[in-house]
Amino acid sequence: MITTGTPVSIAVFEWLTWYANQHVDWFERGTESFNAVNTFLVSGEGLEQPCVQNFIKLMAVFLVAFDGGIFATNVHSLFASDTALAIQWTPTVRYELAYDGWDRGTRQAVDYIVRRAIGFDSFVSTPLPAMHILASFLRRYQSELTQQLDVTFSLDSFCKKQDSIREDLFVILSAFPILNLNQFYAEVAEILPDEFYFEGHRQALSAKSFFLRPVTESMLVLDKVKMHYNLHFHSTQTLPFLAALGEKTTQFVASMLAQQAIYDQVNQELQQLQRDQLSPKLALLTLVMDHYRWPS
């Protein structure tokens, strides 16, 4: 499935911030909602209350935000409508969380998300045993985000170990100029077989045509980076051209970073990543973890 727009790692925290703002009474000490949430966290009681149900949805999406690490690399896409958040992991695995209510689909989505994150099979029916594990999971990522901010992302360190395909390589790749990325993906297209297609909303799209077509807008070129990433980390089939693609990618990144102007630009964008993504993520997660009486 081809998706456009905000990367998952950003979109998920935009949704979390929006949803939390719809329920500010959760965070006002002494309110019925605040007390109900605290009671649920330490006793597992009160699941029938709408404020608790909605809080569980918030926490479920927090788990999604760290599915595959701090950039949610296991999540293929998010679709936020006026009534529900749809989360897709693979072409055949997709669940929806309704913003209001506690319907069967929402309960199944919560159970699936919790099972993926902490291996607990029936959270909705027996939430209390899972709360300690869930809290530990989120505290671990709170600590990891803190470490990411304490130790500034070192582009020098990345350059010394960039001989393989890793998730952070695509963060670097997305910071390159559009002109260079267009040229690179035109060369990538030559590697791809004519018969290889991406699944589309209405019809399949030739991967070769997709990468070959030049674009001028940053979000469109980021679609190419995202689909490139998906080839390496979310493909459901064995791709014979993947080794050649990986070698071409690492060579391209190395040649680009060898240029001082490009290196400086990428380094600046990584600093912005910390300001615009990592810091807000940590602030929101810390608010939730420090504001309530989580199981210790």
- Query: Is a side-chain donor or acceptor of S9 paired with a backbone partner of A72 at a separation under 3.5 angstrom?
  - Reply: no
- Task: State, to 0.1 Å, how close A36 and V52 come at their nearest heavy-atom pair, and which atoms those are.
- Result: O-CG2, 3.8 Å
- Taking all non-hydrogen atoms of both residues, which atom of T249 and which atom of L245 are closest, and how far apart? OG1-O, 2.7 Å
- Message: Are there over 12 heavy-atom neighbours, none belonging to E32, within less than 6.0 Å of that residue's CD?
- Response: no
- How many angstroms lie between CG in D223 and CD in E217, if you round to the nearest 0.5 Å? 10.5 Å
- Could you walk me through whether L63 and L138 pass the side chain to side chain contact (heavy atoms under 4.5 Å, CB included) check? CA-CA 7 Å; L63 297 181; L138 292 176; 4.0 Å; yes
- May I ask you to check whether over 12 heavy atoms, not counting those of H132, lie within 6.0 Å of atom NE2? no
- Item | D111 side chain vs F123 backbone, donor-acceptor pair below 3.5 Å | yes
- Shortest non-hydrogen contact between F55 and W26, atoms and distance: N-CZ2, 3.3 Å
- Message: Under a 3.5 Å distance rule, please check whether Q259 uses its side chain to pair with a backbone N or O of A261 as donor and acceptor.
- Response: no
- Worked check of side chain to side chain contact (heavy atoms under 4.5 Å, CB included) between L47 and I56: CA-CA 9 Å; L47 186 54; I56 290 173; 3.0 Å; yes
- Query: Out of curiosity, I118 CD1 to L134 CG, how far, rounded to the nearest 0.5 Å?
  - Reply: 5.0 Å
- Report yes or no: do M289 and V37 belong to one cluster of Ile/Leu/Val/Met/Phe/Trp/Tyr joined by side chain heavy-atom distances under 4.5 Å? yes
- Task: Check whether any side-chain heavy atom of Y292 lies under 4.5 Å from a side-chain heavy atom of V42, and answer yes or no.
- Result: no
- Query: Taking the six-membered ring of F66 as reference, does the NZ or CZ atom of R140 fall below 6.0 Å from its centre and within a 45° cone about the axis?
  - Reply: no
- Message: Working to the nearest 0.5 angstrom, can you tell me the gap between F120 CZ and M131 CE?
- Response: 10.5 Å
- Closest non-hydrogen atom pair between A98 and K57, with its separation: O-NZ, 2.9 Å
- Nearest 0.5 Å please: distance from the OH atom of Y141 over to the OG atom of S143. 11.5 Å
- Consider only side-chain heavy atoms of I, L, V, M, F, W and Y, link residues closer than 4.5 Å, and tell whether L284 and L58 are in one cluster. yes
- Item | Neighbour count >12 (heavy atoms, 6.0 Å) for atom CD, Q268 | no
- Report whether V225 and I70 are members of the same hydrophobic cluster (ILVMFWY, side-chain heavy atoms less than 4.5 Å apart, transitive linking). yes
- Message: Looking at every heavy atom in both Y197 and S206, which two are closest together, and how far apart are they?
- Response: CD2-N, 3.2 Å
- Query: In Å, rounded to the nearest 0.5 Å, how long is the span from CD of E269 to CZ of F176?
  - Reply: 10.0 Å
- Go through the structure and list residues passing salt bridge (charged side-chain N to carboxylate O under 4.0 Å, His left out) with D82, not counting sequence neighbours. none
- Check whether any side-chain heavy atom of P177 lies under 4.5 Å from a side-chain heavy atom of M256, and answer yes or no. yes
- Message: Would you say H23 and S33 are linked by a side-chain donor-acceptor pair, where the criterion is simply a distance under 3.5 Å?
- Response: no
- Message: Has S125 got a side-chain atom pairing as donor or acceptor with S122's backbone, closer than 3.5 angstrom?
- Response: yes
- Task: For I178, check side chain to side chain contact (heavy atoms under 4.5 Å, CB included) against everything at least two apart and list the hits.
- Result: N182, S218, V221
- Item | E96 vs T106, side chain to side chain donor-acceptor pair (under 3.5 Å): CA-CA, chis, key distance, verdict | CA-CA 6 Å; E96 285 193 5; T106 295; over 6 Å; no
- Query: Same hydrophobic cluster for L85 and Y19, using side-chain heavy-atom links shorter than 4.5 Å among ILVMFWY?
  - Reply: yes
- Item | CG on L278 to OG1 on T146, rounded to 0.5 Å | 10.5 Å
- Hey, are the side chains of H291 and R29 touching, using non-hydrogen atoms and a 4.5 Å cut-off? yes
- Query: How about F211 and L192: do any of their side-chain heavy atoms sit closer than 4.5 Å?
  - Reply: yes
- Using 30° and 60° as the class limits, which term best fits the ring planes of H228 and H232: parallel, tilted or perpendicular? tilted
- Establish, from distance only, whether the side-chain atoms of Y99 and N54 form a donor-acceptor pair under 3.5 Å. no
- Please step through side chain to side chain contact (heavy atoms under 4.5 Å, CB included) for the pair F13 and F62, ending with a clear verdict. CA-CA 8 Å; F13 269 88; F62 260 114; 3.9 Å; yes
- Should L181 and L179 be counted in the same cluster of Ile, Leu, Val, Met, Phe, Trp and Tyr side chains packed under 4.5 Å apart? no
- Which heavy atom of I191 sits nearest a heavy atom of A244, and at what distance? CD1-O, 4.1 Å
- Tell me, with the steps shown, if K226 and F170 meet side chain to side chain contact (heavy atoms under 4.5 Å, CB included). CA-CA 8 Å; K226 183 174 181 179; F170 291 89; over 6 Å; no
- Query: Got a sec, which residues hit side chain to side chain contact (heavy atoms under 4.5 Å, CB included) with Q260, two or more places apart in sequence or on another chain?
  - Reply: Y263, D264
